[in-house]
Every structure is written in C-alpha cells, then in structure tokens.
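Structure record follows, encoded as structure tokens.
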Amino acid sequence: MSLNLSNVTLTYPDGRERLTALDSVDLSVRAGDFVAVTGPSGSGKSSLLAVAGTLVTPDSGVVVVDGIEVSELSSADRARVRRDHIGFVFQQDNLLPSLTALDQLLLTAHVRRRRPSKHRAEAMALLDEVGLADSAQRRPHELSGGMRQRVNIARALMGEPSLLLIDEPTSALDIERGRAVVALISRLVRERNLAAVLVSHDLDTLSPGQRTGVDATVHMQDGRIDTRVAHAAA
Ligand code: ADP
Ligand code: MG
C-alpha cells in the first residue's frame, strides 16, 4: 500500500473553538491506482493532500507512506520521506521565470542531492514522457499553460517518487487542456506504477460519465469522505 490514512482527524484553531478540516478519514491508495478526490470548496481536499504529503501532522490517526509510518517522525525525517517518496503538483506551476524547462527539473534534482550525472538523462527522459522533448530549452513565458503544467508534472516525478499528490492541476486551464492533463497523469500512473491522488472540485467537467483513467472517485463533504466509487477499467 503506497498511501494509507486511517482514522485521520485534523483541526485548525478557529477563534475559541477548533475547525475540523478532516474528520476520521480513511483512505488507501495502492501502487498503480489513480484516485480522484472531489467535493465543494472547504470540504477538506487540500487538507487531505497536506496530511498525505506529510506537510501537516494530523491531531490523530495514522499516516503510512510507502510502508513508513510518518505520524511519529521528526520533521527532518518527514522531509526525507517527502524528498524520496512523494511528488507534488499544485495548481500554480511555481516555475521559475528565468529557467528553461530542463533546468526546472535539474534544480529539483540538485535540491534532492542525487548523483548529478544521472539528473540530465532523467530530466530529458521525463520531458520526453510528457511530450516536451523539443521544448527543453524554453522558458515558462515561451510555453502555454498546458505545457507549463506538464513541466510541473515532469518535475514532480524527478527522483522517481512512488506517490504523486496533485491539487487542482486544471483550474488555470480550459476544459480541453484540463482533460489532457488528467489523461497524461493517468498514463504516467500506469507506466510508472505510481499511487496518485488528484484533488479537483470540477471533476465532472473534466471527466463526465465514465471517468476514464481514474480508478476511483472519492467525494468529500465537511471533512469526511462520504462516498467512494470504483470505476470500471477503460
Ligand atoms: P478544500 O481544499 O476542499 O477547499 P481545505 O482543506 O483547504 O478544503 O479546507 C478545509 C477547511 O479547513 C476549510 O474550512 C478551511 O477554511 C480550513 N483551513 C484550511 N487550511 C487552514 C489553515 N491553515 N488554518 C485554518 N483553517 C484552515
Ligand atoms: Mg483546496
């Protein structure tokens, strides 16, 4: 099991009270599984990703990433788990304006301090995988929104994480490009045997009817998972 959340509760201070962002949440995602999380704004989707990504420690419950129980780890050890096991894709691509697509990926590798000689080959292979081999030397302003999001996805996969966490990756894109991004993630999940969790408030527009490429859809409301629907393989 690449991601396992059991009985996770997360609260934030809210005046004199506490606001419950996650309420006894259970979620398991295996390698090769692409799970979509949907639900209204404020229902806890980003909180779920923050906890799964070890960025936020829940009040209670167990979080296991790649077999590692992260709940009791020091913050340095949690950072190591993030670096070695988890890739993040956020709504904003957070690309650095002055760097080429290739350098965006190499910068991540540098931060991860892996063997430099391998980084360039890995980065070029990833850009090729997302269809940007010819754009490796372009800077963000020379790329379309969809292409920037693909650089963002390729960057998240540097270092071969096993868990990919994606928060609203399509909200800055039109429907067509949004669907292409979801299809790309789905392909990468299969090819790389990733466990992936994609959060989107507008999943219906992206993938109406049968949710091609997504294995299961989870719906959140008020910090709880109220339904989980498995989709037939396409
Ligand atoms: P979603 O991503 O579904 O919109 P969030 O997980 O961002 O939902 O938020 C869930 C609830 O937690 C909301 O009521 C939100 O206002 C609250 N919340 C989120 N982050 C914080 C924070 N850092 N401090 C206080 N409250 C927060
Ligand atoms: Mg959110």
Side-chain angles (χ1 to χ4, degrees), residues 1-31 33-94 108-109 111-114 152-153 155-169 171 185 189 194-201 216-228:
M1 201 65 83
S2 280
L3 173 65
N4 196 48
L5 305 184
S6 22
N7 206 14
V8 166
T9 293
L10 171 69
T11 66
Y12 292 113
D14 182 28
R16 292 177 166 191
E17 325 243 305
R18 309 281 303 176
L19 182 151
T20 304
L22 296 175
D23 187 358
S24 314
V25 167
D26 296 309
L27 181 70
S28 292
V29 185
R30 286 172 305 198
D33 263 4
F34 185 12
V35 173
V37 178
T38 185
S41 173
S43 59
K45 304 181 300 297
S46 293
S47 299
L48 179 77
L49 282 195
V51 167
T54 82
L55 294 164
V56 169
T57 303
D59 301 38
S60 60
V62 176
V63 179
V64 181
V65 174
D66 255 356
I68 304 165
E69 226 274 53
V70 296
S71 336
E72 304 289 318
L73 295 182
S74 68
S75 65
D77 285 339
R78 274 188 282 126
R80 214 160 287 132
V81 169
R82 281 198 293 282
R83 185 191 67 192
D84 295 338
H85 299 265
I86 306 176
F88 293 94
V89 177
F90 296 113
Q91 171 179 351
Q92 270 82 32
D93 53 47
N94 296 319
T108 304
V111 169
R112 287 186 157 152
R113 281 194 269 170
R114 295 170 73 246
N152 196 19
I153 292 165
R155 179 176 58 177
L157 294 174
M158 285 292 286
E160 306 195 341
S162 50
L163 175 62
L164 185 61
L165 301 174
I166 312 138
D167 200 352
E168 307 276 3
S171 47
I185 293 167
V189 167
L194 302 169
V197 182
L198 176 144
V199 160
S200 173
H201 69 279
T217 303
V218 161
H219 186 266
M220 291 193 75
Q221 181 76 51
D222 299 330
R224 287 174 172 274
I225 291 181
D226 57 10
T227 54
R228 178 178 175 130

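Along the sequence shown, residues are numbered consecutively beginning with 1.
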Does any N or O in the side chain of [X] come within less than 3.5 Å of the main-chain N or O of [Y], such that one atom is a donor and the other an acceptor?
X: T38; Y: S200; result: yes
X: D167; Y: S46; result: no
X: E69; Y: S71; result: yes
X: E168; Y: H201; result: yes

Do the non-hydrogen side-chain atoms of [X] and [Y] ever get within less than 4.5 Å of each other?
X: D66; Y: L163; value: no
X: S171; Y: Q92; value: no
X: V56; Y: S47; value: no
X: V37; Y: L49; value: no
X: L5; Y: L48; value: yes
X: T227; Y: V218; value: no

At what distance, to the nearest 0.5 angstrom, does [atom1] of [X] lie from [atom2] of [Y]?
X: D84; Y: S162; atom1: CG; atom2: OG; result: 9.5 Å
X: L22; Y: D222; atom1: CG; atom2: CG; result: 11.5 Å
X: S2; Y: L164; atom1: OG; atom2: CG; result: 11.5 Å
X: Q221; Y: K45; atom1: CD; atom2: NZ; result: 9.5 Å
X: M158; Y: R83; atom1: CE; atom2: CZ; result: 13.5 Å
X: L3; Y: H85; atom1: CG; atom2: NE2; result: 13.0 Å

For a side-chain contact (heavy atoms from CB on, under 4.5 Å) check, start with the C-alpha distance between D26 and N7, then their side-chain angles and the critical distance, and finish with the verdict. CA-CA 5 Å; D26 296 309; N7 206 14; 4.3 Å; yes
Over all atoms of both residues, closest heavy-atom pair of [X] and [Y]:
X: V25; Y: G223; value: CG2-O, 3.3 Å
X: N152; Y: F90; value: ND2-O, 3.4 Å
X: V29; Y: D33; value: CG1-O, 3.6 Å
X: A52; Y: I86; value: O-CD1, 4.0 Å
X: R18; Y: T11; value: NE-OG1, 3.0 Å
X: A196; Y: I166; value: CB-CD1, 4.4 Å

Begin with the C-alpha distance, continue with both residues' side-chain angles, and end with the deciding distance and a verdict on side-chain contact (heavy atoms from CB on, under 4.5 Å) for M220 and V199. CA-CA 10 Å; M220 291 193 75; V199 160; over 6 Å; no
Applying the side-chain contact (heavy atoms from CB on, under 4.5 Å) criterion to I68, which one of V63, L73, T54 satisfies it? L73
